[in-house]
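All residue numbers in this chain count up from 1 along the given sequence.
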Amino acid sequence: MINWTNADKLSSWKKLLSLKGAVSVADELSSVNAADRIAKYSIPMGGNLTYNYAAKQVNEQILKTLAELAEEQQLVEKYQDLLNGSVINTGENRMVLHQLTRGQLGKDVMADGVNKREFYINEVKRIADFANDVHSGKLVNEKGEKYTTVCQIGIGGSDLGPRAMYLALENWAKKNNTFKMEANFISNVDPDDAAAVCKKLDISKTIFILVSKSGTTLETLTNESFVKEFIKAAGCDASKHMIAVTSETSPLAHNPDYMAAFYMDDYIGGRYSSTSGVGGAILSLAFGPKVFQDFLDGAAEEDKLSLNKNICENPALMDALIGVYERNVQEYPATAILPYSQALSRFPAHLQQLDMESNGKSVNRFGEKIDYVTGPVIFGEPGTNGQHSFYQLLHQGTDIVPLQFIAFQENQTGDDVTIKGSTSQTKLCANVTAQIVAFACGKKDENPNKAFAGGRPSSLIYGKDVNPKSLGALLAHYENKVMFQGFVWNVNSFDQEGVQLGKKLATTVLNGGATGALKAFVNLLIK
């Protein structure tokens with residue numbers, strides 16, 4: 001039987017709270033046993049990645065208590081319950097099925113009169129067939145010319161995840177001769193965004209992907225209308241240049257205004273939709289269907305590992321539990337995501353939405369206020385850029401911010417140069433390792449301005465390179481980490497009511513119903 005209990009009601013939680021400050025990561029990494037610790041505190045991931053937590057503030061006692069917390073809070077059982085199709089999203093009374101888009105690890109899930117795994121497989125096939133027709137020239141524009149560019153119109157999860165995934169694989173695809181079409185993205189309702197993108201495109205050879213589950217998202221439909229004006233001005237027929245990714249019940253479905261429509265459903269939240277048609281359409285068009293399938297396979301590998309009840313063999317669960325220790329016991333307010341790979345330039349932005357929209361909650365699954373902190377603030381930038389930006393605060397600021405480094409042994413393009421005896425990639429990797437030790441161990445100096453306290457904990461996810469499988473595994477790792485933390489905190493990680501209030505008030509403004517303070521602010525900006 002599954003019990004949904006607030007964390008502070010658990011005996012393991014109370015034991016964990018007593019272990020605050022129990023470990024000095026500086027002492028651990030400065031000891032003669034540091035190499036043994038680094039080798040031991042390491043877990044294989046999907047996609048040939050590895051999660052290393054040797055620079056975290058944990059020891060065997062803390063790990064034992066975290067394992068007790070995972071067992072008492074039934075974290076793996078709750079994940080299995082999710083995979084079996086239970087209603088996990090209590091706020092919207094829905095199942096949570098994004099893992100089912102890349103593989104089946106639970107029972108058959110029936111909904112909307114269909115087997116949902118078969119439904120998702122069929123949508124991947126439909127997208128693949130469409131992409132192959134575009135690439136082969138079987139499907140062409142009004143003039144009989146091949147399409148060369150694709151542009152996604154969406155916002156939030158319909159933009160951040162797919163954009164991050166496209167950028168992550170663009171150079172890999174070019175190097176491996178699987179690059180098919182350049183992709184662009186329009187998200188902001190600010191007209192400057194859509195105008196800047198449309199003005200650089202050859203509209204006559206572009207396919208626009210309109211992504212809206214409901215078919216009513218105001219910003220997305222506004223941008224669609226904006227784009228249609230550019231299509232019309234180019235002398236083209238919009239119905240020959242637009243496809244939709246939507247639900248089967250939306251006004252965009254079965255609509256002659258679109259070349260094709262691919263379907264998602266209410267069981268997949270926007271921030272979890274990169275492995276659905278939301279990411280599938282643009283990645284399949286840009287790189288080919290096989291690349292998208294490899295991406296799904298990498299995510300499926302990581303999902304399977306997340307079922308292991310041994311936290312020392314379950315990377316997402318270990319990452320989640322250590323994050324809970326840092327947030328609730330060490331009381332750290334934020335987490336920095338630091339990928340030392342330009343390919344992952346937008347990955348922190350995607351994780352910011354994934355984590356903060358999921359676990360930025362102050363009531364539990366039943367709407368009752370909770371008495372402990374939940375999700376941290378998430379931010380980040382690629383290294384080494386961040387070192388010349390916000391690392392000053394991370395090294396010497398008054399708050400300790402846990403760090404999550406992501407690094408790879410090889411770059412994607414194969415291009416490099418040797419300067420002063422080392423390549424650029426070697427310099428990049430040297431910076432990662434130097435930062436891990438610098439944050440952990442610090443530096444003593446008689447001049448306080450030059451002293452570093454150390455004690456800044458970090459983890460490292462590393463592998464050979466960013467490729468479709470490793471990217472899929474990396475994405476699933478963080479999705480499952482967020483899920484497990486939501487289970488610990490007993491919050492609903494799968495709705496986002498905090499997004500709605502401002503949107504509703506904006507609609508009030510546009511309908512002329514603003515009063516009081518809202519009207520006063522409106523008068524400052526809208527003429």
Side-chain angles (χ1 to χ4, degrees), residues 44-51 98-103 120-121 123-132 134-135 150 152 157 160-183 185 209 245 262 268 272-306 315-316 339-348 350-351 354 382 406-414 461-480:
M45 295 172 54
N48 291 317
L49 298 173
T50 301
Y51 170 69
H98 57 274
Q99 284 98 341
L100 198 58
T101 62
R102 55 244 194 178
Y120 297 139
I121 290 173
E123 287 306 303
V124 171
K125 183 181 184 303
R126 292 181 63 235
I127 291 169
D129 290 344
F130 179 83
N132 286 332
V134 170
H135 299 153
V150 58
Q152 183 133 317
L160 286 167
R163 189 192 295 250
M165 301 309 122
Y166 170 79
L167 292 173
L169 295 177
E170 182 179 14
N171 283 328
W172 180 91
K174 289 176 178 176
K175 172 70 173 178
N176 289 275
N177 299 315
T178 188
F179 185 83
K180 307 292 185 181
M181 304 172 74
E182 180 186 350
F185 297 84
I209 306 172
V245 177
F262 304 106
I268 299 174
Y272 295 98
S273 66
S274 291
T275 53
S276 76
V278 174
I282 194 159
L283 295 180
S284 296
L285 284 166
F287 308 132
K290 185 181 184 305
V291 169
F292 181 59
Q293 186 58 57
D294 287 346
F295 172 66
L296 296 180
D297 291 345
E301 283 183 23
E302 188 66 19
D303 287 341
K304 187 175 181 179
L305 289 174
S306 295
Y340 276 63
S341 168
Q342 190 60 28
L344 298 180
S345 60
R346 292 295 291 167
F347 196 63
H350 169 61
L351 296 187
L354 172 66
I406 306 170
F408 300 91
Q409 295 159 341
E410 299 177 5
N411 67 331
Q412 289 183 313
T413 64
I461 293 175
Y462 66 95
K464 180 183 177 183
D465 64 355
V466 180
N467 60 61
K469 283 193 175 181
S470 65
L471 181 66
L474 188 65
L475 175 71
H477 172 89
Y478 279 100
E479 289 180 345
N480 295 342

Roughly how far, to the nearest 0.5 Å, is [atom2] of [Y] from [atom1] of [X]?
| X | Y | atom1 | atom2 | value |
| --- | --- | --- | --- | --- |
| Leu351 | His477 | CG | NE2 | 9.5 Å |
| Asp465 | Thr413 | CG | OG1 | 11.0 Å |
| Met165 | Ile282 | CE | CD1 | 12.5 Å |
| Leu475 | Ser274 | CG | OG | 5.5 Å |
| Tyr120 | Gln99 | OH | CD | 10.5 Å |
| Gln412 | Lys175 | CD | NZ | 11.0 Å |

Enclosure of Asn171 CG (heavy-atom neighbours >12, cutoff 6.0 Å):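 Above 12, so yes.
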Check against side chain to side chain contact (heavy atoms under 4.5 Å, CB included), Ser470 and Asn48: CA-CA 7 Å; Ser470 65; Asn48 291 317; over 6 Å; no
Taking all non-hydrogen atoms of both residues into account, name the closest pair between [X] and [Y] and its distance.
| X | Y | answer |
| --- | --- | --- |
| Ala286 | Ala183 | CB-CB, 4.5 Å |
| Ala131 | Ser284 | CB-O, 3.7 Å |
| Ser273 | Gly157 | OG-O, 3.6 Å |
| Val245 | Ile209 | CG2-CG2, 3.8 Å |
| Leu285 | Lys180 | O-CB, 3.4 Å |

Listed by chain and number, what are the side chain to side chain contact (heavy atoms under 4.5 Å, CB included) partners of [X], not counting sequence neighbours?
| X | result |
| --- | --- |
| Ala473 | Leu49, Glu302 |
| Lys125 | Asp129 |
| Ala300 | Arg102 |
| Glu301 | Lys469 |

Taking [X] for the side chain and [Y] for the main chain, is one N or O donor matched with an acceptor at less than 3.5 Å?
| X | Y | answer |
| --- | --- | --- |
| Glu479 | His98 | no |
| Tyr462 | Tyr51 | no |
| Ser276 | Ile268 | no |

Are [X] and [Y] packed together at the side-chain level, in the sense that at least one heavy-atom pair is separated by less than 4.5 angstrom?
| X | Y | answer |
| --- | --- | --- |
| Leu474 | Leu344 | yes |
| Ile127 | Phe292 | no |
| Pro289 | Asn132 | yes |
| Ser341 | Pro382 | no |

Pair Asn411-Gln342, side-chain donor/acceptor within less than 3.5 Å: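 No pair is found: no donor N or O on one side chain lies under 3.5 Å from an acceptor on the other.
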CA sep, side-chain torsions, deciding dist, call: Glu182, Tyr166, side chain to side chain contact (heavy atoms under 4.5 Å, CB included): CA-CA 10 Å; Glu182 180 186 350; Tyr166 170 79; 4.1 Å; yes
With sequence neighbours excluded, residues passing side-chain hydrogen bond (donor to acceptor under 3.5 Å, both in side chains) with Lys304: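 Lys304: no side-chain hydrogen bond (donor to acceptor under 3.5 Å, both in side chains) contacts found.
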Result of checking Leu169, Leu283, Leu471 against Val291 for side chain to side chain contact (heavy atoms under 4.5 Å, CB included):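 It is Leu169, the one option of Leu169, Leu283, Leu471 that forms the side chain to side chain contact (heavy atoms under 4.5 Å, CB included) with Val291.
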Parallel, tilted or perpendicular: ring planes of Tyr478 versus Phe347, cut at 30 and 60 degrees: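 Perpendicular.
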Mutual orientation of the aromatic rings belonging to Phe262 and Phe130 [parallel < 30°, tilted 30-60°, perpendicular > 60°]: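 It falls in the perpendicular class, over 60°.
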Selection residues 281-290 - residue pairs positive for salt bridge (charged side-chain N to carboxylate O under 4.0 Å, His left out), sequence neighbours left out: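 For residues 281-290, and leaving out neighbouring residues, the salt bridge (charged side-chain N to carboxylate O under 4.0 Å, His left out) pairs sorted by first residue read Lys290-Asp294.
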Phe295/Phe287 aromatic ring centres below 6.0 Å: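 Ring-ring flag for Phe295/Phe287: false, centres at least 6.0 Å apart.
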Verdict with supporting geometry, Met181 and Val134, side chain to side chain contact (heavy atoms under 4.5 Å, CB included): CA-CA 10 Å; Met181 304 172 74; Val134 170; 3.9 Å; yes
Trace of the side chain to side chain contact (heavy atoms under 4.5 Å, CB included) decision for Thr50 with Ile461: CA-CA 6 Å; Thr50 301; Ile461 293 175; over 6 Å; no
